[in-house]
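For reference, positions follow the sequence shown, starting with 1.
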Amino acid sequence: MSETVQKAPGKTGGGGAPDANRWKALAFIALAQLMVVLDATIVNIAMPSAQQDLGISDGNRQWIVTAYALAFGGLLLFGGRIADLWGRKRAFVVGLGGFAAASALGGAAANEAMMFGARALQGAFGALLAPAALSLLAVMFTDVKERAKAFGIYGAIAGGGGAVGLILGGFLTEYLDWRWTFFVNVPFAIVAAAGAYFVIREPEGGRNRSPLDIPGVILSTLGLVSLVYGFTRAESEGWGDSMTIGLFVASAVLLFAFVIVESKVKAPLLPLRVITERNRGGIYLSLGLAIIAMFGLFLFLTYYLQIVKGYSPVKTGFAFLPMIAGMIAGSTQIGTRLMTRVPPRLLMGPGFLVAALGMLLLTRLEIDSSYAAILMPGMLLLGLGMGTAFMPAMSLATQGVEPRDAGVASAMVNTSQQVGGAIGTALLNTIAASATTSYIKDHMAGAAAKPQQQLVQLEGMVHGYAIAIWFAVGILVAAAAIALTLVNAGKPDMGPVAGSGARDAEDAVPVMVH
């Protein structure tokens, strides 16, 4: 493959000269990432309308979210390995094409089966697309300062895209039709795929052409699907439900068997060297915990603003703007500027603690809480902290990985986020529901009139959210402790940080100052 290159002044060799089109490529990669992240929240706002139109029962409506989450979470490792096998550019373009087709199918859904099938297909193609996008960045940006900027933009989109989805979902549902929350993906995907096809030039020599580890694919997919479905079911059926417990047991057995298989096969789906490296292991763990805290909060604040405060879907979306602003500032200003000057743990640890401080403010939620005094500063701090921590985490998780493992290392970042999201929604929702039930039981006896009873119910709901947010504060403090303890990489040197794929795997190690 011919490659257009451009020597940057003052660059040392090592990763080969950088691709002249890498910044244009970043624009299309970022657009695709935005589409995938948007989809996680945009559909939530459209769900009540879609449920009514398609005649989906209350018991089945969760499958609009679950079908996507199961396919996406379950197939991520497989998608990352396919990206390493086919080449990231091809996997990226195919993923985009499939995602667009599945979105069109969802928008045209005539019944619940068509809707659930479309969501599962979206998840499957998303699982191919997401790791390919992140690993393209990992192999295209090998200079430390450029890498910091590129991952700053990517981190801001990965963090803030969910909140943007709430705004866009509100607009489309309120002023057009719920079907547009699906159709909107089609132009996104077409532009990103066309741009990627003509602009991206993947460095040569970074493919992993080993045969597919079929037992690993089956065990990891079934194990992750069981885990995600277990948490999803716990939310609706309770933690003591026999099938919920069975799913968790099955997941533990399947994932344990997966680790055993991976340690023995010649060409593993997930080379254990990717996750046993101290820094990457610390990042996957702390990032997963942070996402647990954040996803639960998205859900609570959406309900609080719409049900307790009576906000419209559009107004609810705009209420999340401080969080988006904080994430963009944390990622592109603080994270990018300091990443080349301080070790990653000194951005991740304090970042998660600032987010915990924002979350701490939100534990003071009451029915008549002021948006300006409590919600806005809480969300701003949460976004600022998360943006600052996400940026070095995304970069370090793929830094120094052998080119042939870039796809699967990227898939692990997405897996920790996806599984974290499923756990966060189920775990914190269950805690909130339990606290609400207990509060209403204790206070309802004294409420004789109907208005008083309605007030007690609202107070109970807000009390439940506040209790669950306290747990989220603790989870973020734990994420900070893990990042500060396990992540021990020093600040990056000014040389290239990883092999671009054109060199031997032995040379593809990070230049780090410890």
Check whether any side-chain heavy atom of [X] lies under 4.5 Å from a side-chain heavy atom of [Y], and answer yes or no.
| X | Y | result |
| --- | --- | --- |
| Arg233 | Phe248 | no |
| Arg280 | Ile275 | no |
| Val94 | Trp86 | yes |
| Ile245 | Ser242 | no |
| Met323 | Phe320 | yes |
| Tyr284 | Leu289 | no |

Atom [atom1] in [X], atom [atom2] in [Y]: separation rounded to 0.5 Å?
| X | Y | atom1 | atom2 | result |
| --- | --- | --- | --- | --- |
| Phe99 | Asn185 | CZ | CG | 5.0 Å |
| Leu375 | Leu380 | CG | CG | 12.0 Å |
| Leu381 | Leu362 | CG | CG | 9.0 Å |
| Gln333 | Leu338 | CD | CG | 10.5 Å |
| Phe78 | Arg81 | CZ | CZ | 9.5 Å |
| Ile291 | Met386 | CD1 | CE | 6.0 Å |

Has [X] got a side-chain atom pairing as donor or acceptor with [Y]'s backbone, closer than 3.5 angstrom?
| X | Y | result |
| --- | --- | --- |
| Ser434 | Thr430 | no |
| Thr363 | Leu360 | yes |
| Glu262 | Leu272 | no |
| Ser251 | Leu247 | no |

Heavy atoms only: give me the nearest [X]-[Y] pair and the separation to one decimal.
| X | Y | answer |
| --- | --- | --- |
| Ala71 | Ala127 | O-CB, 4.3 Å |
| Ala189 | Ala100 | CB-CB, 3.6 Å |
| Leu384 | Thr388 | O-OG1, 2.8 Å |
| Val93 | Ala196 | CG2-CB, 4.2 Å |
| Pro131 | Gly79 | CG-C, 4.0 Å |
| Phe352 | Leu476 | CB-O, 3.8 Å |

(request) Using ring-ring contact (aromatic ring centres under 6.0 Å, His included) as the criterion, list what pairs up with Phe72, not counting sequence neighbours. (result) Tyr68

(request) Using the test ring-ring contact (aromatic ring centres under 6.0 Å, His included), find all partners of Phe471 that sit at least two apart in sequence or belong to another chain. (result) none

(message) Angle between ring planes, Tyr465 versus Tyr304, binned at 30° and 60°: parallel, tilted or perpendicular?
(response) perpendicular

(message) Assess the residue pair Leu301 and Met379 against the criterion (side chain to side chain contact (heavy atoms under 4.5 Å, CB included)); give the C-alpha distance rounded to whole Å, side-chain angles, the decisive distance to 0.1 Å, and a yes or no.
(response) CA-CA 10 Å; Leu301 287 187; Met379 286 197 275; 3.8 Å; yes

Solution key, residues 218-225 side-chain donor-acceptor pairs under 3.5 Å, sequence neighbours excluded:
{"from": "Ser220", "atom 1": "OG", "to": "Gly216", "atom 2": "O", "distance (Å)": "3.0"}
{"from": "Ser220", "atom 1": "OG", "to": "Val217", "atom 2": "O", "distance (Å)": "3.3"}
{"from": "Thr221", "atom 1": "OG1", "to": "Gly74", "atom 2": "O", "distance (Å)": "3.4"}
{"from": "Thr221", "atom 1": "OG1", "to": "Val217", "atom 2": "O", "distance (Å)": "2.7"}

(request) Using the side chain to side chain contact (heavy atoms under 4.5 Å, CB included) rule, take Phe125 and Leu96 through it: C-alpha gap first, then chi angles, then the decisive distance, then the call. (result) CA-CA 7 Å; Phe125 284 107; Leu96 279 166; over 6 Å; no

(message) Pair Met359, Trp470 - check side chain to side chain contact (heavy atoms under 4.5 Å, CB included), show working.
(response) CA-CA 8 Å; Met359 205 75 96; Trp470 270 111; over 6 Å; no

(message) For a side chain to side chain contact (heavy atoms under 4.5 Å, CB included) check, start with the C-alpha distance between Phe258 and Leu77, then their side-chain angles and the critical distance, and finish with the verdict.
(response) CA-CA 12 Å; Phe258 171 66; Leu77 282 176; 4.1 Å; yes

(message) For Arg278, is the CZ atom crowded, meaning more than 12 foreign heavy atoms sit under 6.0 Å from it?
(response) yes

